[in-house]
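My questions will all concern the structure given below.
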Amino acid sequence: RDFVMVDNIPVAIEGEKNLLSLIRKAGIELPTFCYHSELSVYGACRMCMVENKWGGMEAACSTPPKAGMVIYTNTPKLRRYRKMILELLLSNHCRDCTTCEKNGECKLQELAERFGIKRVRFQNTADQPKLDDSSPCIVRDTNKCILCGDCVRMCNEVQNVGAIDFMSRGAKMTVSTAFHIPIAESNCVGCGQCAAVCPTGAIVVKKETDQVWAALNDKKTKVVVQIAPAVRVGLGGKLGQKAGDDLMGKIVAALKRMGADEVYDTATGADLTVMEEANEFIERLESGENLPLFTSCCPAWIQYVEKKHPELLPNVSTCRSPMEMFGSVLKEENKHSRRKTVVVAIMPCTAKKFEAAREEFKENGVPYIDYVLTTQELIQMIKESGIYFSELESEAIDMPFSDKSGAGVIFGVTGGVTEAVIRRLAEDKSSAELRSIAFNGVRGMQGLKETTVQYGERELKIAIVSGLKNAEDLIQRMKSGETHYDFVEVMACPGGCVCGAGQPITDAEGKKKRGAGLYAADKMCSIKRSEENPVVMSLYGDLLKGKVHKLLHVDYQK
Ligand code: HC0
Ligand code: SF4
């Protein structure tokens, strides 16, 4: 076996790409700002420096482990060096920690505490650029940027958007949009993944909690809440529960205590989407037009198509997302209510804030969804209300939309929409068939999955992608004629909604647990297929009569 000596302890090299992974495997938490396993190595922050046996320093993130290396991770020289970096970063950093959105979650704050920085000797002489709060999804505060470049690489490498980049040189260097235009005017698609990797408060999710508190506290307003599939498995770790556990019942109870009048599950809306999308798919298969059918539930993906591939818009499903389908149903249901109805959607996603604000999703200027809260905002509201979340007794979803299928629940993880649609299309409704669909290549967190299903005489080719760069690669392969698909599911966030930027930040293991949590929740549902959901049946027979197109579909090509 090959070894590296780390602080006098031999550590086996087991395929690690860099010293940093090897050192972390040995149980030493080397500090970093700019290292993320899913992004390229930038090596700019210099926090992960280690000392070799000759007293030289090397960046652990960009040094491959070699047999016989002798390194030290915690020497007086390294401690001095790290403190100096932190002090310099803090010197031109806005230090309003108590009022910062990232207070308690900021890497700079955490490392300053860990390395005992009690005083900053240098004055902040940097310019104080204004906040960019032009986007409904994210807020940028350059005063808090430490130039680690995590957001830039995320936006470029994983999302293929390139809305932000390094600008200027030397002391004037910043991360900004081209020509410093407001981010809302750039080609940003609102996925929020930049905020998910930002170690400080330089990019954060835009908050709407004040508006929702106001609605909850207003007796004249009826507040109707819907909760997205991924949220139930996303907040456990932050509220004293096991990460990945399905906490829907407790979330319902918490929202009721906070003053919500009715609470529903977006999975019910997803069941409507399955019905409409399956019909649309069958129609396109019969006509042979506009194939492949691309899914339309991810609003960052929709913006990506609009901005980068408008020629593909006819291929995108005309189905509204489950959130919007359910939002329009809820507003229709309350049309004659004496009180004003406000619909709040709790989502794992920042781009849903943009979707809710789109003109297409308003009737007479009033949006179907009034506010979108991310899982992080919900957690903050639960904390603010003082509720002991762990001690809450679970409560059920309200009537008349209390039923959902497992197919709707798994929408929140990559491959879930596809699996739900296949369940609908399959002629064989046995549980053996359900199992064979699940093991047909649709599950797993990989960025690209492919499967085939038999539909009558035809073998349908299906692709599932998450992460917009993966979507772009697939589009290019289709355009070159290298490959062909009939149905393509796209989610902008790698891993699907469970890994949305509105969820608390977690690692790969935590993301896997969330996906597993949704599949476990599906197992607990007595209704497995969308067409078997009695709510769906009664909606088609009543509220949706003659209004299917108006309430469930959208034309993005205006
Ligand atoms: Fe998703 Fe959805 S599955 S996009 O990830 O389709 O945000 O969870 O709510 O709308 O249902 C997000 C999650 C949703 C929608 C659903 C879809
Ligand atoms: Fe790029 Fe997404 Fe951030 Fe917009 S929200 S800047 S698209 S990473």
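Below, all heavy atoms of this structure are taken into account, side chains as well, without hydrogens, waters or symmetry copies. Note that ligands are numbered from 1 as they come in the structure, with each ligand's atoms numbered from 1 the same way.
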| message | Surrounding NZ of K512 (heavy atoms of other residues, nucleotides or ligands, distance under 6.0 Å), is the total greater than 12? | response |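 Check fails, neighbour count at 12 or below.
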Can you give me a line-by-line list of nitrogen or oxygen pairs between ligand 1 and the protein shorter than 3.5 Å?
residue, atom, partner, partner atom, Å
ligand 1, 8 (O), P229, N, 3.4
ligand 1, 8 (O), A230, N, 2.8
ligand 1, 10 (O), P322, N, 3.4
ligand 1, 10 (O), M323, N, 2.9
ligand 1, 10 (O), K352, NZ, 2.8

| Heavy-atom closest contact (M167 atom, T177 atom, distance) | CE-O, 3.6 Å
| task | Could you grab the distance from atom CD1 of I475 to atom CD of E311, nearest 0.5 Å is fine? | result |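 Here the interatomic distance stands at 7.5 Å.
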| Has the side chain of Q193 got a donor or acceptor atom that lies under 3.5 Å from a matching backbone atom of M154? |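 A pair under 3.5 Å: no.
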| task | Ignoring hydrogens and angles, state whether a donor on the side chain of Y485 or E450 is under 3.5 Å from an acceptor on the partner side chain. | result | yes
| query | Hey, is the main chain of N160 close enough, under 3.5 Å, to the side chain of K308 for a donor-acceptor pair? | reply |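 Pair found, side chain donor or acceptor close to backbone of N160.
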| query | With a cut-off of 2.8 Å, how many protein N, O or S atoms neighbour atom 3 (Fe) of ligand 2? | reply |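 Under the 2.8 Å cut-off, the count stands at 1.
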| field | Donor-acceptor side-chain pairing of Q376 and Q380 below 3.5 angstrom | value | no
| task | Count the heavy atoms of every other residue, nucleotide or ligand shown that sit under 6.0 Å from NZ of K238, and state whether that count exceeds 12. | result | no
| task | Ignoring hydrogens and angles, tell me if any N or O in the side chain of S402 forms a donor-acceptor pair with the backbone of M399 under 3.5 Å. | result | no
